[in-house]
Structure formats: structure tokens, C-alpha cells
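These notes are about the structure you will find just below.
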Number of protein chains: 2
Amino acid sequence: MNGPGATGERILDAACEVFLEKGKAGARMQEIAARAGINKALLHYYFRSKEELYRQALTRELTTFFRELVESVRPAGDMETFLRSFIDNYIDRLSRNPQVVRFLTWEIGSGGPVARNVIAGIVQGNEGGPIYPVYRETFSRGIAAGAIRPVDPQHLLFSLVGMCIFVFLAAPILTAVFPEIDPSEKEFIEKRKKEIFDLVWNGIKAEKGGNDVRD
Amino acid sequence: MNGPGATGERILDAACEVFLEKGKAGARMQEIAARAGINKALLHYYFRSKEELYRQALTRELTTFFRELVESVRPAGDMETFLRSFIDNYIDRLSRNPQVVRFLTWEIGSGGPVARNVIAGIVQGNEGGPIYPVYRETFSRGIAAGAIRPVDPQHLLFSLVGMCIFVFLAAPILTAVFPEIDPSEKEFIEKRKKEIFDLVWNGIKAEKGGNDVRD
DNA sequence: CTATAATTTAACCGTATGGTTAAACCAAAT
DNA sequence: ATTTGGTTTAACCATACGGTTAAATTATAG
């Protein structure tokens with residue numbers, strides 16, 4: 001057929017749905033087949049086993065998400081712009097792909113054998129070369145130029161990612177403690193971006209009186 | 001018997017182990033019984049069903065962890081001390097209880113029905129009264145006194161928790177991308193505390209020239 | 001000692017699950 | 001018209017699983 005509803009893709013779509021709702025162990029092949037609009041026999045005709053289907057479904061989701069994310073990180077002229085675009089970009093992508101976060105949450109619970117391979121592969125060797133060095137050098141140059149304080153770029157990255165992803169990942173808990181918030185709401189998302197940027201930018205920018213060299 | 005190895009507790013210990021390794025759906029009652037050193041009949045003699053066992057095991061873990069955590073949050077004289085003790089305390093507890101983080105990760109994947117109840121209950125009504133208002137008022141007073149910039153205390157809390165928990169929660173992924181780090185290592189943990197504190201304190205403290213009123 | 005509760009043994013039950021098989025059906029390409 | 005490969009149907013299989021039962025055994029407390 002190879003039409004718009006190509007069966008293999010429809011199966012992966014259905015598999016993602018079920019895996020992110022129930023996890024690998026909780027998912028049922030029968031349910032995946034049903035949601036894909038086919039039967040169990042055909043499902044196994046396309047994917048040998050549940051394990052294989054899980055691997056391919058998660059790989060597809062993570063690859064798409066992280067490839068786009070990594071491609072969006074471009075060195076910018078000044079630190080402030082770079083930081084703001086990093087945060088905006090990351091939060092926008094997270095809020096538009098909550099299913100990736102949840103899928104990944106299950107995977108992390110299991111120790112993340114699949115995700116480890118996929119993500120390590122993307123981060124280390126995408127088309128534009130390794131991504132982390134680009135990020136790190138951007139900050140190192142900012143530090144050398146006296147634009148920002150001498151923070152550890154790696155820890156700053158952990159902090160940024162942690163701040164950005166937390167509200168989406170922990171949404172089920174947060175909404176129980178703070179019933180008034182809704183991490184999927186646009187207003188909340190924009191506020192979140194602003195608060196993170198303000199905190200981090202004030203946290204890393206050089207004190208007045210420091211060198212404000214431009215290269 | 002009621003000795004040190006009281007059976008009910010031994011079962012809960014074993015259940016925690018298995019649930020955090022395999023998740024609810026992936027856990028096997030037989031394995032839990034074996035790890036508790038008993039048989040399936042006795043297991044069901046103590047806990048009617050897997051669901052019930054899961055509920056009680058997760059509730060016990062979360063209650064202990066969050067009660068201790070919440071009790072450790074005490075208002076301090078100055079903002080700097082309060083912030084530092086908050087971060088140190090949280091990170092220490094997380095690094096000493098990685099099993100809680102992982103257990104919670106599985107639970108969040110499933111939407112967190114059990115954790116929602118437990119955590120909301122602890123946060124809203126522990127012995128010292130609701131905890132969040134204490135936290136919020138501490139920062140509100142700091143803002144009113146001009147000691148810190150006017151940040152949103154709620155978002156600051158999300159940022160703090162996100163920064164602290166991220167490296168432990170995402171450890172399986174992080175170690176794949178950065179093989180040189182080990183989030184359970186003491187050296188790393190101390191560095192993490194320092195980096196978070198420096199970032200946040202610089203990020204929220206009032207600029208020079210602002211009011212530095214003490215109450 | 002005796003009654004009560006904890007624990008074991010071992011079999012058992014119903015059902016769900018992942019996966020397989022074989023035959024038939026159907027649409028498109030040759 | 002025939003072949004090919006996607007697709008369905010429906011039955012099937014072995015196993016694993018959650019949970020139960022009943023009887024026997026051991027320990028504990030009164």
C-alpha cells in the first residue's frame with residue numbers, strides 16, 4: 001500500500017500511545033494491534049516481538065525529538081541571546097511533546113537501556129558534529145570574555161535541563177500539590193520561560209565592573 | 001514474632017526492591033515472596049493483592065522520605081543560609097535515597113495516582129502545619145526586605161527541585177552521554193550543591209544599591 | 001497443655017499473554 | 001491471468017501469572 005496510513009508507521013504510532021500510557025510491561029500487544037486498526041497476526045508480521053516493537057517505537061520518538069532539539073542549538077553572538085533561545089526552544093519542544101517525556105520516564109525507570117543508546121548516539125554524532133562541545137565552547141568563550149561568571153558549563157547544562165523538564169515530568173505530582181497550576185497552559189509556559197531565564201541570566205552574568213569584552 | 005525481621009516489613013522491603021527494579025506491571029509476586037524469604041501463600045496472607053502491596057510499599061517509602069524532607073525545611077534568619085540549607089538537605093537526601101527517586105519515576109510514568117495522594121497529604125498537612133506557606137513566606141519576606149529580587153517563589157521552588165533532582169533522576173541517560181560523571185560519587189554531589197547554590201544565589205540576591213533592610 | 005496465630009507445602013484454578021500457524025482473501029503489479 | 005505480498009480469520013499453544021484453598025506444621029502466648 002505505502003499510502004499515507006502505511007501500516008508500519010500506524011503500528012508504531014499505536015505502540016507509542018500504549019507504551020507511554022502503560023509502560024513496556026503493562027502494554028498489551030492486542031491493544032496495540034487494535035489501536036493500529038489491525039490484528040495480532042499482522043502485528044507480529046511487522047514486528048517479531050514486543051521487545052523489538054518497543055525498541056523501534058522508542059527509538060523513533062527519541063530520535064525525532066532529540067535530533068530537532070540538538071539542531072536548534074546554534075551558537076549565538078551574545079550569551080544572553082544564546083541562553084534565551086536555549087530555554088525557549090527547549091521548553092517549547094517539551095510542552096509540545098509531552099508524550100516523549102512520559103515515554104522517557106518509563107524508560108528511565110527501567111534503567112534506560114534503549115534510551116542510552118539512542119540519545120548518546122544523537123548527542124555525540126549528529127550531522128553538525130558533536131553538540132556538547134559547541135554548547136561548552138559557547139560558555140567558555142563567554143567566561144573568557146568576562147561576559148559571564150566562571151560557572152561550570154556542564155553543571156549549568158544539568159541545571160538548565162532540570163529546570164526546564166521538571167514541571168513537565170513531575171506534572172502528575174505538581175498538580176496534586178498545586179491544583180491551581182497547569183503545565184500545559186500557555187500562560188504558565190511563558191511564565192516558566194521567563195522565570196528560568198531571569199534566574200539563570202542573573203545567576204551567570206558578570207557583576208558590574210567586571211570585564212565586558214566582546215570578541 | 002514481631003522481632004526485628006517482622007514479616008510485614010520484610011515483605012514491604014522486598015516489594016520496594018522489586019517494584020523499583022521492574023515497575024508495578026513488571027514485578028512478580030513470586031519474586032517478592034522469594035526476596036522476603038517466604039512463599040506466595042504467606043504473601044497473600046499479609047497483602048490481599050499486588051495492587052494493595054504496591055500502594056502500601058510506595059506509601060511507606062514516600063511518607064518516610066518526604067516527611068523527613070519537609071521537616072528539614074526550617075525558616076532561617078537570612079536568605080543565604082536558608083537557600084544553602086535547602087539545597088544541601090535536598091541533595092543529600094536524594095543521593096542517599098536513590099531508590100525513592102526511581103520508585104517515583106515508575107509511578108510518574110503511570111500518572112502517579114498513589115504518589116499524588118501521599119505527597120499532597122504530607123505537604124499540606126504535616127505536624128508543623130502546611131509546609132509550602134512557610135517556604136513562600138520566607139521568600140516573600142526576603143523580597144519585601146529587599147534582600148532578594150522579586151522572583152516568583154513558586155517557580156523558584158520548581159527550579160530548585162528540578163535542578164536538585166535532575167541528575168539523580170536522569171542518571172541512566174546522563175551517564176551514557178557523559179561517561180566521566182557519576183551522580184552517586186561524593187565529589188560530584190558536593191560540586192553539584194555548590195554550583196546550584198552559586199547559580200541561584202547570584203540569580204536571586206538583590207543588586208548592589210538595592211535596599212538591604214533587615215527586619 | 002492448649003488455643004491461637006504464623007508459616008509451609010503443594011496442588012489447583014481461571015485467565016491473560018506473547019507468539020504461532022495455516023488457510024483463505026484481496027488488491028495491485030506483471 | 002497470474003503472481004505477489006499485505007491482510008484477515010480463527011484456532012491454537014505453552015506458559016506465566018495473580019490469586020485461592022486446604023491441610024499440615026511450627027511457634028507463641030495464656
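Just so it is clear, the structure is predicted and the values come from calculations on it, not from any experiment. Chain naming here is simple, since letters A, B, ... match the order of the sequence lines and numbering starts at 1 in each.
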Set of residues satisfying salt bridge (charged side-chain N to carboxylate O under 4.0 Å, His left out) with respect to B/Arg93, sequence neighbours excluded: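 Testing B/Arg93 for salt bridge (charged side-chain N to carboxylate O under 4.0 Å, His left out), a comparison that skips the adjacent residues, returns B/Glu68.
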
Atom NZ of B/Lys191: over 12 foreign heavy atoms under 6.0 Å: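 Buried by this count: over 12 neighbours within 6.0 Å.
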
Within the structure, does a side-chain N or O atom of [X] lie under 4.0 Å from either OP1 or OP2 of [N]?
{"X": "B/Thr7", "N": "C/dT7", "result": "yes"}
{"X": "B/Tyr45", "N": "D/dT20", "result": "no"}
{"X": "B/Arg28", "N": "D/dA16", "result": "no"}

Atom pair distance, as rounded to whole Å: [atom1] in [X] and [atom2] in [N]:
{"X": "B/Leu43", "N": "C/dT8", "atom1": "CG", "atom2": "P", "result": "11 Å"}
{"X": "A/His44", "N": "D/dC13", "atom1": "NE2", "atom2": "P", "result": "18 Å"}
{"X": "B/Met29", "N": "D/dG19", "atom1": "CE", "atom2": "P", "result": "5 Å"}
{"X": "A/Leu42", "N": "D/dT8", "atom1": "CG", "atom2": "P", "result": "5 Å"}
{"X": "A/Glu52", "N": "C/dG19", "atom1": "CD", "atom2": "C1'", "result": "15 Å"}
{"X": "B/Leu53", "N": "D/dC17", "atom1": "CG", "atom2": "C1'", "result": "15 Å"}
{"X": "B/Lys40", "N": "D/dT20", "atom1": "NZ", "atom2": "C1'", "result": "9 Å"}
{"X": "B/Gln30", "N": "C/dA11", "atom1": "CD", "atom2": "C1'", "result": "14 Å"}

Shortest side-chain distance from B/Asn39, nucleotide among D/dG19, D/dA10, C/dT9: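 The answer is C/dT9, which lies nearest to the side chain.
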
Nucleotide nearest B/Tyr46 (side chain, heavy atoms from C-beta), chosen from C/dA6, D/dT9, C/dG18: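 When the side chain of B/Tyr46 is considered, C/dA6 is the closest of C/dA6, D/dT9, C/dG18.
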
Note: A/Arg60-A/Asp13 ion pair, threshold 4.0 Å (strictly below):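 Looking at A/Arg60 and A/Asp13, the cut-off is met.
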
Under 3.5 Å, which donor-acceptor pairs link side chains of residues 161-189 of chain A to any protein atom two or more places apart or in another chain?
unit_1	atom_1	unit_2	atom_2	d
A/Thr175	OG1	A/Ala171	O	2.9
A/Thr175	OG1	A/Pro172	O	3.3
A/Thr175	OG1	B/Arg116	NH1	2.8
A/Glu180	OE2	B/Gln154	NE2	3.0
A/Asp182	OD1	A/Ser184	N	3.0
A/Asp182	OD1	A/Ser184	OG	2.8
A/Asp182	OD2	A/Ser184	OG	3.4

Check against salt bridge (Lys or Arg N to Asp or Glu O under 4.0 Å), A/Glu52 and A/Arg55: CA-CA 5 Å; A/Glu52 180 66 11; A/Arg55 237 201 59 243; 2.8 Å; yes

Sugar-phosphate, base or nothing in reach of A/Ala25, heavy atoms under 4.0 Å: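 Since no nucleic acid heavy atom lies under 4.0 Å of A/Ala25, the category is nothing.
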
Touch class at under 4.0 angstrom, heavy-atom based, for B/Phe47 against every strand present: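 Contact class for B/Phe47: none.
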
